[in-house]
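Every chain is numbered from 1, with letters handed out A, B, ... down the list of sequences.
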4 protein chains.
Amino acid sequence: MALKTGKDYVESLKKLNTEIWAFGERIEDFTEHALLKPHINAAAVTYEMAHDPQFEDLVTATSHLTGEKISRFTHIHQSAEDLVKKVKMLRMIAQRTGTCFQRCVGFDGLNAMYSTTYEMDEALGTNYHERFKEHLKYLQENDLMSAGSMTDPKGDRSKKPSQQSDPDMYVRVVEKNDKGIIIRGAKAHQTGIINSHEMLIMPTVALSEEDKDYAVACAIPVDAEGVKHIFGRQSNDMRRLEGDIDCGNAKYGIVGGEALTVLEDVFVPWEKVFMCGESQFAGMLVERFASYHRQNYGGCKTGVSDIIIGATALAADYNGVAKASHVKDKVIEMIHLAETLYGGSIACSSEGRPTSSGSYFVDPLLANVVKQNVTRFIYEICRLSHDVAGGYIATIPSEQDLKHPEIGKYVEKYFKARDGVSTENRIRIGRLIENMTGGTALVESMHGAGSPQAQRVMLLRQGNLKHKTELAKNLAGIKE
Amino acid sequence: MALKTGKDYVESLKKLNTEIWAFGERIEDFTEHALLKPHINAAAVTYEMAHDPQFEDLVTATSHLTGEKISRFTHIHQSAEDLVKKVKMLRMIAQRTGTCFQRCVGFDGLNAMYSTTYEMDEALGTNYHERFKEHLKYLQENDLMSAGSMTDPKGDRSKKPSQQSDPDMYVRVVEKNDKGIIIRGAKAHQTGIINSHEMLIMPTVALSEEDKDYAVACAIPVDAEGVKHIFGRQSNDMRRLEGDIDCGNAKYGIVGGEALTVLEDVFVPWEKVFMCGESQFAGMLVERFASYHRQNYGGCKTGVSDIIIGATALAADYNGVAKASHVKDKVIEMIHLAETLYGGSIACSSEGRPTSSGSYFVDPLLANVVKQNVTRFIYEICRLSHDVAGGYIATIPSEQDLKHPEIGKYVEKYFKARDGVSTENRIRIGRLIENMTGGTALVESMHGAGSPQAQRVMLLRQGNLKHKTELAKNLAGIKE
Amino acid sequence: MALKTGKDYVESLKKLNTEIWAFGERIEDFTEHALLKPHINAAAVTYEMAHDPQFEDLVTATSHLTGEKISRFTHIHQSAEDLVKKVKMLRMIAQRTGTCFQRCVGFDGLNAMYSTTYEMDEALGTNYHERFKEHLKYLQENDLMSAGSMTDPKGDRSKKPSQQSDPDMYVRVVEKNDKGIIIRGAKAHQTGIINSHEMLIMPTVALSEEDKDYAVACAIPVDAEGVKHIFGRQSNDMRRLEGDIDCGNAKYGIVGGEALTVLEDVFVPWEKVFMCGESQFAGMLVERFASYHRQNYGGCKTGVSDIIIGATALAADYNGVAKASHVKDKVIEMIHLAETLYGGSIACSSEGRPTSSGSYFVDPLLANVVKQNVTRFIYEICRLSHDVAGGYIATIPSEQDLKHPEIGKYVEKYFKARDGVSTENRIRIGRLIENMTGGTALVESMHGAGSPQAQRVMLLRQGNLKHKTELAKNLAGIKE
Amino acid sequence: MALKTGKDYVESLKKLNTEIWAFGERIEDFTEHALLKPHINAAAVTYEMAHDPQFEDLVTATSHLTGEKISRFTHIHQSAEDLVKKVKMLRMIAQRTGTCFQRCVGFDGLNAMYSTTYEMDEALGTNYHERFKEHLKYLQENDLMSAGSMTDPKGDRSKKPSQQSDPDMYVRVVEKNDKGIIIRGAKAHQTGIINSHEMLIMPTVALSEEDKDYAVACAIPVDAEGVKHIFGRQSNDMRRLEGDIDCGNAKYGIVGGEALTVLEDVFVPWEKVFMCGESQFAGMLVERFASYHRQNYGGCKTGVSDIIIGATALAADYNGVAKASHVKDKVIEMIHLAETLYGGSIACSSEGRPTSSGSYFVDPLLANVVKQNVTRFIYEICRLSHDVAGGYIATIPSEQDLKHPEIGKYVEKYFKARDGVSTENRIRIGRLIENMTGGTALVESMHGAGSPQAQRVMLLRQGNLKHKTELAKNLAGIKE
């Protein structure tokens with residue numbers, strides 16, 4: 001089956017019966033709804049770019065299962081080079097959307113599941129890997145968007161799944177029969193799920209024996225019976241209902257739309273179940289997924305930062321201060337921070353190593369390093385952007401005022417900066433910066449792919465401190 | 001005349017004929033408009049607290065002109081202790097509003113004008129100081145809110161006022177006659193102006209002889225003929241039109257509302273003119289105002305940070321992780337940063353010194369240090385807040401969803417955290433954090449009271465580098 | 001008795017029989033020994049400045065016990081103004097010595113002991129306060145330097161004093177009789193002790209009942225029987241034995257000399273015992289001392305930083321790059337960081353409050369904030385100094401090479417920078433920077449007055465988190 | 001000819017007639033001199049490891065000129081993989097020496113010269129590349145250590161070479177004849193030169209036509225007539241003359257020894273001249289060298305950091321606090337910072353691209369990013385090390401005191417920490433940390449491979465800001 005175009009993708013969504021709620025209403029034709037459309041547009045770029053000859057090598061790949069040309073977003077990494085291409089693809093697309101295009105979550109879920117099912121089968125004699133390959137082929141052949149559904153609501157964070165007052169705070173198996181299983185619970189912060197075709201459900205923490213009911217991984221369509229999506233608010237989301245300029249990035253939005261996805265006793269046939277009770281493998285699956293997902297952030301967030309940097313330099317130029325030495329220095333700092341992130345993603349990719357399944361896995365230490373830096377540097381990039389762009393980004397009147405027959409002339413006159421730059425353009429760049437550098441976009445940099453502390457736990461585990469102390473003893477002349 | 005209550009204050013605003021525009025419309029009864037009301041509520045607290053016996057000593061003072069009890073916001077500092085009380089008052093009020101209450105801008109303008117007119121008269125034999133004292137008495141006796149109107153639109157930032165293509169990019173005198181003067185231009189980013197009674201117009205930069213038409217300071221009512229206010233957008237401003245919870249701080253809002261104030265050939269009688277052509281004193285006025293205004297930021301922003309810190313600790317507690325060592329450590333860091341800011345404001349105040357007019361001026365070096373730290377630490381405080389509070393603050397569904405008869409139960413169930421905490425309360429604290437830590441609030445910390453580079457110029461000027469090099473030479477044994 | 005001059009001070013040290021060891025040798029005439037002399041010179045400045053009319057008001061005070069003029073270093077703070085003067089005195093002296101002048105440790109010990117003994121007597125009916133006042137009078141009248149001896153060796157840091165394998169890891173009472181007590185143990189990191197007259201011994205941690213033998217505070221002469229001082233090494237200490245230039249600050253050295261002081265069954269008469277078994281007051285004494293001592297660091301370290309900043313600016317000037325914008329910007333940053341520290345010390349002082357004894361105590365929250373910032377900013381100041389001064393500071397040949405008849409000319413020729421600056425002066429300023437910005441001086445900024453974690457514990461305890469959460473609940477509309 | 005062993009290397013140095021001065025004396029048998037020996041030992045490790053089967057693949061390579069097995073330090077990179085191996089080799093050796101092993105400077109000089117001579121010949125029809133290849137073969141076959149000699153003394157940094165008062169402040173050609181050229185001047189901060197065989201002289205800045213006499217690159221033996229080396233001081237250098245423990249890293253020292261190398265009318269035969277007057281190629285040569293050299297710092301400095309991290313964790317363990325959460329968190333932070341540097345070096349290497357000569361060049365943007373981070377992170381790593389290790393590292397008595405018959409027992413007793421750890425070992429690890437984290441080692445991290453500002457200039461040039469502004473305009477809907 002051919003790779004979908006952006007248009008094909010939107011058409012395919014229209015055919016789904018996805019149940020989406022927002023602002024207290026069931027959203028009917030969600031592909032045409034102003035609130036959701038930018039997110040769909042952003043995801044559509046992942047389809048469009050596959051047809052751009054300039055970027056074909058990045059955005060498509062050859063399936064190791066079928067030998068067919070597929071979207072890289074459904075590909076299992078076959079080499080370190082594949083991992084590097086992933087990062088470059090993410091940066092490139094982010095440079096065109098300026099926001100999250102959502103499709104990497106599922107991509108990472110597929111890769112994590114691929115090697116984990118292989119190792120489960122090796123260890124336990126189960127047959128999950130073959131099942132999973134069939135599912136993968138289905139996604140590749142139909143060029144589907146699969147959401148990676150990991151994060152559970154988690155309730156009281158100091159308690160394990162089975163210790164919660166409400167047993168549904170983590171997704172669990174409530175029934176098994178010969179056709180399949182029935183699951184209950186919810187997945188939170190589901191990026192891109194409202195415009196996905198499928199969701200790949202995975203546990204969210206390492207589990208022990210007493211939590212085996214929570215050790216469940218499987219695939220279901222986003223419009224399966226019992227599945228409801230409640231859309232989360234974002235900063236300035238209502239501006240989309242107003243007009244164009246004040247959105248900043250009207251076409252693609254500011255973040256990847258996220259939803260709470262409720263799973264109310266959803267049936268999953270056995271052929272779509274990839275883990276069911278093997279609690280000892282939950283930790284591996286989570287760790288694989290998290291490392292792949294943390295790899296991304298020096299790709300996509302660097303692409304987003306490229307936009308912020310360009311917009312900031314432009315705002316300074318519009319203000320007439322592009323050549324001030326402190327302005328140049330701050331722009332350099334922004335570039336420096338962004339490229340540090342990018343370098344980190346390249347490194348954890350080029351240092352990728354094969355798993356026993358043959359698929360490639362990133363260097364987990366370096367991947368965690370990248371994400372940890374993202375939780376700091378994006379904030380600093382945004383801070384510098386505010387500094388350089390100037391205070392006007394926080395006090396611009398609305399688009400309606402700019403275009404108003406009576407007072408528009410005052411906005412035009414007094415928001416004008418240097419000669420040769422239209423007031424509207426100056427406002428446009430200000431709005432782009434305002435929207436890209438605050439609120440939800442920052443929080444996404446912090447908590448996407450796991451909170452900072454999750455990375456620190458991994459850094460300690462992967463940092464081989466024992467080896468380092470041996471080296472130190474050796475030089476210090478310590479014999480014990 | 002008695003000190004106004006909060007209610008008196010709102011009543012007095014209703015009597016004004018202020019011309020306010022927002023979202024393409026002239027706002028008629030602005031004191032009742034959902035968009036503006038939180039800003040008015042916040043300013044009203046400055047009136048209410050004057051009647052609270054617990055805080056009377058901070059919020060009121062004795063006029064050195066009349067001996068009457070007045071609002072501290074119209075007081076001329078008579079001692080270093082007055083300067084310290086100002087900081088404590090600002091922190092205390094910010095702890096109750098969680099946002100900018102706007103009245104310090106005019107307060108600082110009055111104090112800057114007071115000593116500058118005194119020194120102008122001393123040097124030039126003019127009579128501005130007496131005129132200004134009359135105006136001050138008028139404000140004190142009527143307990144009026146006066147906006148400090150300094151920032152001009154500035155056009156091309158690399159050019160002086162008279163070099164601009166459009167001569168109106170800085171406010172200027174276009175006519176003088178025996179009754180008064182006529183001014184034209186605009187003032188940008190006018191915090192609290194729409195709910196002020198008066199505005200105190202001042203130049204925004206040091207000026208030289210060729211820019212003497214721009215050397216103008218004067219007072220006018222906010223509803224004078226020819227004055228129009230165009231309200232600026234803020235992050236999530238439209239949520240005020242929706243309901244309560246999603247605003248975070250529904251009563252007081254997130255920032256001090258700001259407007260572009262157009263001055264279209266506004267007449268000012270001579271008795272309200274406090275500078276007219278004395279370009280050599282523009283720099284002093286700006287520097288005095290800026291230093292007083294930078295003093296504030298370790299007061300009000302620390303008060304605001306107290307809320308953010310408390311909300312963040314509460315969110316962690318609701319999540320069940322209040323005792324995790326990394327959570328405690330981050331909360332400590334937030335306290336540390338906030339108190340560093342507070343200490344800075346206390347220091348520049350307690351080190352205040354009398355001017356030749358008898359009024360007290362902050363230590364300008366230390367005042368600039370405070371503001372410079374604000375441009376960094378508030379961002380870090382917000383970053384830490386995001387880290388600790390958790391990713392949920394970026395994906396909470398709307399209030400309508402929470403309260404929806406059909407899907408509200410899912411939001412209730414799956415946004416619940418530890419036992420004993422209602423989901424609504426958890427959402428409320430998340431919304432408070434979301435709104436206080438992003439977007440416009442951050443930009444205000446950056447650019448309020450002047451951009452970071454403005455402080456750095458002052459730091460070099462005030463840092464007495466020559467003395468430091470002499471000390472170093474001495475120790476190094478260098479004789480030249 | 002008159003205030004000692006610097007010369008009197010050195011003479012008085014010669015009369016002591018202090019047992020000092022260094023580099024494996026008993027140091028006989030320690031006041032003339034090249035290794036120790038700079039430390040003695042630095043302490044002598046605290047005596048000299050008392051006779052300088054310009055600084056008399058800072059460096060002397062009026063005894064509240066005798067009404068006599070005394071050194072401020074033996075004064076009990078009688079007002080917040082006294083606390084502020086302390087900070088200004090410390091900065092001023094540090095600007096003249098460029099290093100630690102050691103006398104504040106005892107100063108802080110005296111003030112901590114003063115109010116603690118008062119409160120002990122109030123609570124327990126003991127008579128320590130009167131005894132202590134007698135001791136204080138003795139110090140004031142003889143203008144003695146008293147070391148503040150708090151830090152115990154501590155052994156295994158995870159165990160309490162009485163849990164240690166070796167019971168002597170904290171100083172303890174091993175015998176009591178009718179004449180006095182006998183103590184055993186050691187005090188570590190004793191700043192300035194080798195050139196003090198007296199030491200004031202205090203416990204180093206809060207203690208519980210089972211550690212009551214360790215609850216001992218008392219005064220002994222530094223040359224009491226059983227007291228031995230073993231001098232600690234510092235970075236580049238051997239350069240003092242070589243010559244002048246390579247020391248950087250040849251006259252005063254780089255840090256305050258520190259020693260391990262062994263107390264081998266030392267007898268203390270009852271009139272010099274100020275705590276003996278009252279374990280419940282150990283914590284208060286430690287906390288008082290620590291807060292007073294942390295107050296200092298924005299005084300003395302800012303004075304030291306003033307030298308580093310001046311030297312760095314001078315090095316840049318010598319290199320011909322004083323006007324480069326990045327150089328100016330970094331110097332500004334150094335000033336900014338230094339003044340942030342200073343502001344912190346001023347604030348915790350001006351916010352000082354009376355204790356029940358009448359003496360004044362700093363604001364403990366703000367005092368801990370200062371020290372915490374010192375553990376970061378001094379490192380950054382030094383880093384910026386390295387950046388601006390240039391790499392030559394790490395590769396300068398020795399003074400002997402500079403002055404060598406054969407190769408001196410090459411050093412002269414090739415270490416020359418801009419015209420008008422002698423090579424020797426350029427080397428001198430490089431050596432000053434090299435010595436002031438590395439090694440022991442940095443560690444002293446980190447651990448002097450307690451390690452960073454000790455401050456963080458205090459920040460949490462003093463930060464009133466409960467009040468902050470109440471404020472947040474209020475704004476968020478949370479009712480519980 | 002076989003690869004030298006460490007011993008062969010030292011023997012080969014003995015045969016040279018290198019003129020070395022230090023502390024005012026000509027050092028005769030420099031390979032046996034306590035001051036220099038650690039530097040020689042460190043460089044010798046680069047020879048020893050070539051014979052270790054475990055690391056052979058990293059430390060040796062196959063010459064593309066002769067097909068022989070050679071030391072990687074004389075290899076021309078033939079692939080991105082070669083660039084990655086370089087980084088891994090540097091980290092691995094630094095983990096064994098704990099300090100600079102000096103041989104990368106020449107390695108980078110050779111690679112920079114290789115592609116630059118090729119491109120010069122392409123553009124100008126000169127014959128430098130063939131000449132240079134002969135020189136390279138000579139180095140490879142004899143396994144020689146070649147110093148990279150770039151940095152000129154530079155005099156007044158605001159002036160070009162030919163504008164200096166003293167024309168010798170940059171190395172220049174003072175005579176040309178048919179046999180060769182005569183050069184005069186000096187090279188500063190020459191890392192490892194005293195124990196190299198050869199030096200490769202290169203210009204230190206981009207040059208214009210009027211500075212063509214300064215456009216000279218060539219090779220000379222370190223003991224050529226007219227060459228004198230004056231050794232620079234380092235922190236604590238004199239401790240090497242005392243004993244073992246106090247040096248910290250007695251065998252290998254703390255930094256790479258550096259010298260001022262005077263070139264007093266040194267003759268260079270034409271076959272060793274690789275640039276002579278082609279000022280337009282000086283910039284390329286400098287940029288190539290600088291980028292290769294900046295690539296290294298995430299290799300060697302990460303290796304050095306591994307030692308610091310291990311030593312710090314060990315010191316905490318000895319103190320009994322290894323499990324304190326704040327200690328673990330700081331160790332994690334150190335790992336995080338170190339791995340960020342490493343990732344940067346891997347990235348600029350794996351992204352390496354072929355030059356027209358066929359040799360591989362690093363990604364220059366990413367290489368500059370690495371070094372910029374080193375100028376910050378190494379300081380922070382050292383700061384954290386001080387924090388965690390504890391204040392004792394700044395006050396340990398000398399080795400003579402520890403071993404003294406009379407007072408040694410006190411040092412033993414009171415510097416003891418937890419049970420099971422000898423005091424000597426605790427002191428050893430303290431000394432290692434003290435020496436590795438201060439003074440010269442920090443300055444080397446700052447200025448080695450160029451000062452921070454040099455990297456920032458490159459970041460702006462390589463950052464493609466124009467492309468970023470286009471991307472931003474596109475998203476903001478700006479048409480111009």
Check your understanding: Relative to chain C, which segment of D/Lys403 carries a heavy atom at a distance below 4.5 Å: side chain, backbone, both, or neither?
Key -> neither
Exercise for review: State, with a plain yes or no, whether a side-chain heavy atom of D/Leu442 is found less than 4.5 Å away from one of D/Cys382.
Suggested key: yes
Practice item. List the steps, then state whether side chain to side chain contact (heavy atoms under 4.5 Å, CB included) holds for C/Ile254 with C/Asn236. Key: CA-CA 9 Å; C/Ile254 296 304; C/Asn236 295 333; over 6 Å; no
Exercise for review: Name the option with the most non-hydrogen atom pairs under 4.5 Å to chain D; the candidates are C/Ala22, C/Gly232, C/Gly24.
Suggested key: C/Gly24
Exercise for review: Would you mind checking if C/Glu242 and D/Arg233 are paired as a salt bridge, meaning a charged N to carboxylate O distance below 4.0 Å?
Suggested key: yes
Point to revise | Heavy-atom contact with chain D under 4.5 Å, split by part of C/Asp168 | key: both
Check your understanding: For the candidates D/Gly391, D/Gly438, D/Ser451, which exhibits the highest count of non-hydrogen atom pairs separated by less than 4.5 Å from chain C?
Key -> D/Gly391
Check your understanding: Taking C/Leu402, C/Val443, C/Val421 one by one, which has the highest count of heavy-atom pairs under 4.5 Å against chain D?
Key -> C/Val443
Point to revise | Polar side chain donor-acceptor pair, D/His189 to D/Thr151, under 3.5 angstrom | key: no
Exercise for review: Could you tell me which of D/Glu25, D/Met446, D/Arg383, D/Glu258 has the largest number of non-hydrogen atom pairs under 4.5 Å with chain C?
Suggested key: D/Arg383
Check your understanding: By a 4.5 Å heavy-atom criterion (distance strictly below it), what part of D/Thr375 contacts chain C: side chain, backbone, both, or neither?
Key -> both
Review point. Any donor and acceptor pair, going by atom type alone, linking the side chain of C/Asn435 with main-chain N or O of C/Asp246 inside 3.5 Å?
Key: yes
**Study point:** D/Lys330 portion near chain C, given a 4.5 angstrom heavy-atom threshold
**Key:** side chain
**Study point:** Contacting moiety of D/His386, where chain C heavy atoms sit under 4.5 Å
**Key:** both
Check your understanding: Is it the side chain or the backbone of C/Arg239 that comes within 4.5 Å of chain D heavy atoms, both, or neither?
Key -> side chain
Exercise for review: Pick one of side chain, backbone, both or neither for D/Gln164, based on which atoms fall under 4.5 Å of a heavy atom in chain C.
Suggested key: neither
Point to revise | D/Tyr170 vs D/Thr204 side-chain heavy atoms within contact, under 4.5 Å | key: yes
Check your understanding: Where the side chain of C/His39 meets the backbone of C/Gly257, is there a donor-acceptor pair that is under 3.5 Å apart?
Key -> yes
Study note, to complete from the structure: Greatest number of non-hydrogen atom pairs under 4.5 angstrom with chain D, of C/Asp419, C/Ile396, C/Leu260, C/Ile407, falls to C/Ile407
Point to revise | Side chain, backbone, both or neither of C/Phe231 within contact of chain D (heavy atoms, under 4.5 Å) | key: backbone
Check your understanding: Hey, which of D/Lys160, D/Arg172, D/Lys187 is the one that makes salt bridge (charged side-chain N to carboxylate O under 4.0 Å, His left out) with D/Asp152?
Key -> D/Lys187
Check your understanding: For residues C/Thr191 and C/Gln102, is any side-chain donor paired with an opposing acceptor at under 3.5 Å?
Key -> no
Study note, to complete from the structure: If one checks every heavy atom of C/Glu406 against chain D at 4.5 Å, the contacting part turns out to be side chain
Check your understanding: Who wins among C/Asp237, C/Val262, C/Thr440 for the most heavy-atom pairs under 4.5 Å with chain D?
Key -> C/Val262
Practice item. Examine whether an atom of C/Arg426 lies under 4.5 Å from a heavy atom of chain D, and if so say whether it belongs to the side chain, the backbone or both; otherwise answer neither. Key: side chain
Practice item. Counting only heavy atoms closer than 4.5 Å, note whether C/Lys154 contacts chain D via side chain, backbone, both or neither. Key: neither
Check your understanding: For D/Glu264, is it the side chain, the backbone, both or neither that has a heavy atom under 4.5 Å from a heavy atom of chain C?
Key -> side chain
Study note, to complete from the structure: Pair count under 4.5 Å, heavy atoms only, with chain C: among D/Ser158, D/Pro397, D/Gly439, D/Ser445, highest is D/Pro397
Exercise for review: Name the region of D/Ser235, side chain, backbone, both or neither, that has any atom closer than 4.5 Å to a heavy atom of chain C.
Suggested key: both
Exercise for review: Provide the closest heavy-atom pair for C/Ala449 versus C/Lys371 in the form atom of the first, atom of the second, distance.
Suggested key: CB-CD, 4.3 Å
Exercise for review: Tell me, for D/Ile393 versus chain C, whether the close heavy atoms (under 4.5 Å) come from the side chain, the backbone, both or neither.
Suggested key: side chain
Review point. Are C/Lys159 and D/Arg418 close enough that some pair of their side-chain heavy atoms sits under 4.5 Å apart?
Key: no
Practice item. Give the member of D/Val411, D/Val321, D/Asp387 that has the highest number of heavy-atom pairs under 4.5 Å with chain C. Key: D/Asp387
Check your understanding: With no hydrogens and no angle check, is any side-chain donor or acceptor of C/Gln190 less than 3.5 Å from a backbone partner on C/Ala188?
Key -> yes
Check your understanding: Side chains of C/Trp21 and D/His404: closer than 4.5 Å at any heavy-atom pair?
Key -> yes
Check your understanding: So which part of C/Glu399 gets closer than 4.5 Å to some heavy atom of chain D, the side chain, the backbone, both or neither?
Key -> neither
**Study point:** Side chain / backbone / both / neither for C/Lys323 at chain D, heavy atoms under 4.5 Å
**Key:** neither
Check your understanding: For C/Ala186, is it the side chain, the backbone, both or neither that has a heavy atom under 4.5 Å from a heavy atom of chain D?
Key -> both
Review point. For chain D, which of C/Arg456, C/Arg26, C/Glu434, C/Lys228 has the most heavy-atom pairs under 4.5 Å?
Key: C/Lys228
Check your understanding: Is C/Arg157 reaching over with its side chain to a backbone N or O of D/Asn319, donor-acceptor style, under 3.5 angstrom?
Key -> no
Review point. Do you know which of C/Lys416, C/Met169, C/His326 has the most heavy-atom pairs with chain D at a distance under 4.5 angstrom?
Key: C/His326
Check your understanding: Is a side-chain N or O of D/His293 found less than 3.5 angstrom from the main chain of D/Gly450, in a donor-acceptor match?
Key -> no
Point to revise | Heavy-atom contact with chain C under 4.5 Å, split by part of D/Asp166 | key: side chain
Practice item. Would you name the heavy atoms of C/Pro153 and D/Tyr414 that are closest together and state the gap between them? Key: CB-O, 3.4 Å
Review point. Relative to chain C, which of D/Ala389, D/Gly408, D/Gly448, D/Gly185 shows the most heavy atom pairs under 4.5 Å?
Key: D/Gly185
Point to revise | SB check C/Lys409 C/Glu412 (cutoff 4.0 Å) | key: no
Review point. Backbone N or O of C/Val331 within a donor-acceptor pair of the C/Glu333 side chain at under 3.5 Å?
Key: no
Point to revise | Among D/Gly320, D/Ala441, D/Ser398, D/Pro405, residue most engaged with chain C (heavy-atom pairs, under 4.5 Å) | key: D/Ser398
Exercise for review: Measure distances from D/Tyr318 to the heavy atoms of chain C and classify the residue's part below 4.5 Å as side chain, backbone, both or neither.
Suggested key: neither
